[in-house]
Amino acid sequence: MISNIFFVILLALATWCAIQISITDFRTRIIPDAYLFPLMLIGLILTTFFRFPHDISTGVIGATFGYLMAALIGCIFEHHMHSHNRGSNAPIGMGDIKLIGVGGIWLGTSGLSWALIIACILGTLWAKHHHARYVPFAPFFIFGGFLSFIANIILL
């Protein structure tokens, strides 16, 4: 009984952190660590002690894959921007890279892949519709992650 209450409280806190990340990134283009790190810790607690939605090893592999992949893409874009004298505004920031790593904890590698595909499609459609120069990636990634998370639970 107490573990179920603790589980629900953790999920509610994770949801609150994800919403705050989305709102802040949309308004300021910054993903604050004050919400990102609790989301990471909650994911680690759930995968370690509740084995939800998967075990800790799947979460760590997903986080490592997500972080390294996003960091590599960020470095490639940063190098490309500097080599063409386009300034230092890289299209992917460290907050996005850390968020993708946290997404790996929650989703594993396959869920992370689906979340990224959904986020990129929705972000591109949003940018085209609004003629936006910058796309706040976090709201689209969190929405894609939520859809991937729900699909993973249903398919379990």
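These values consider heavy atoms only, across backbone and side chains, with no hydrogens, waters or symmetry-generated copies. None of these values were measured; they are calculated from a predicted model.
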Interatomic distance, [X] atom [atom1] to [Y] atom [atom2] [nearest 0.5 angstrom]:
X      : Y      : atom1 : atom2 : result
Thr48  : Leu41  : OG1   : CG    : 10.5 Å
Ile9   : Ile2   : CD1   : CD1   : 10.5 Å
Asn152 : Ser110 : CG    : OG    : 6.5 Å
Tyr35  : Leu13  : OH    : CG    : 12.5 Å
Leu122 : Phe137 : CG    : CZ    : 10.0 Å

Neighbour count above 12 (heavy atom, 6.0 Å) for [X] [atom1]:
X      : atom1 : value
His130 : NE2   : yes
Phe143 : CZ    : no
Phe50  : CZ    : yes

Just grab all the side-chain hydrogen bond (donor to acceptor under 3.5 Å, both in side chains) pairs involving residues 4-28, residues at least two apart or on different chains.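 Sorted pair list comes back empty.
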Same cluster or not: are [X] and [Y] linked, directly or through other Ile, Leu, Val, Met, Phe, Trp or Tyr residues, by side-chain heavy atoms under 4.5 angstrom apart?
X      : Y      : result
Met40  : Phe6   : yes
Leu147 : Leu112 : no
Phe26  : Ile19  : no
Ile23  : Phe141 : no
Ile42  : Leu44  : yes

Side-chain heavy-atom pair Phe7, Leu46 within 4.5 angstrom cut-off: yes
Identify the two heavy atoms, one from Ser148 and one from Ala115, that lie closest to each other, and give their separation to 0.1 Å. CB-N, 4.2 Å
How close do Val135 and Ala127 get, counting heavy atoms only, and between which atoms?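 Looking at all heavy atoms of both residues, the shortest contact is CG2-CB, 3.5 Å.
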Check: Thr47 side chain, Ile56 main-chain N or O, donor-acceptor pair, under 3.5 Å: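 Pair absent, no side-chain N/O of Thr47 close to backbone of Ile56.
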Would you check if the side chain of Thr124 reaches a backbone N or O of Cys120 as a donor-acceptor pair within less than 3.5 Å? yes
Ring geometry between Trp126 and Phe140 (parallel below 30°, tilted from 30 to 60°, perpendicular above 60°): tilted
Side-chain donor/acceptor pairs under 3.5 Å, residues 92-107, sequence neighbours excluded:
residue: Asp96; atom: OD2; partner: Gly93; partner atom: N; Å: 3.3
residue: Lys98; atom: NZ; partner: Asp33; partner atom: OD1; Å: 2.7
residue: Lys98; atom: NZ; partner: Asp33; partner atom: OD2; Å: 3.2
residue: Trp106; atom: NE1; partner: Leu39; partner atom: O; Å: 3.0

Phe149 ring center near Phe52 ring center (under 6.0 Å):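 Under 6.0 Å, so yes.
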Listed once per pair and sorted, the salt bridge (charged side-chain N to carboxylate O under 4.0 Å, His left out) pairs that draw on residues 55-65, sequence neighbours left out: Arg51-Asp55
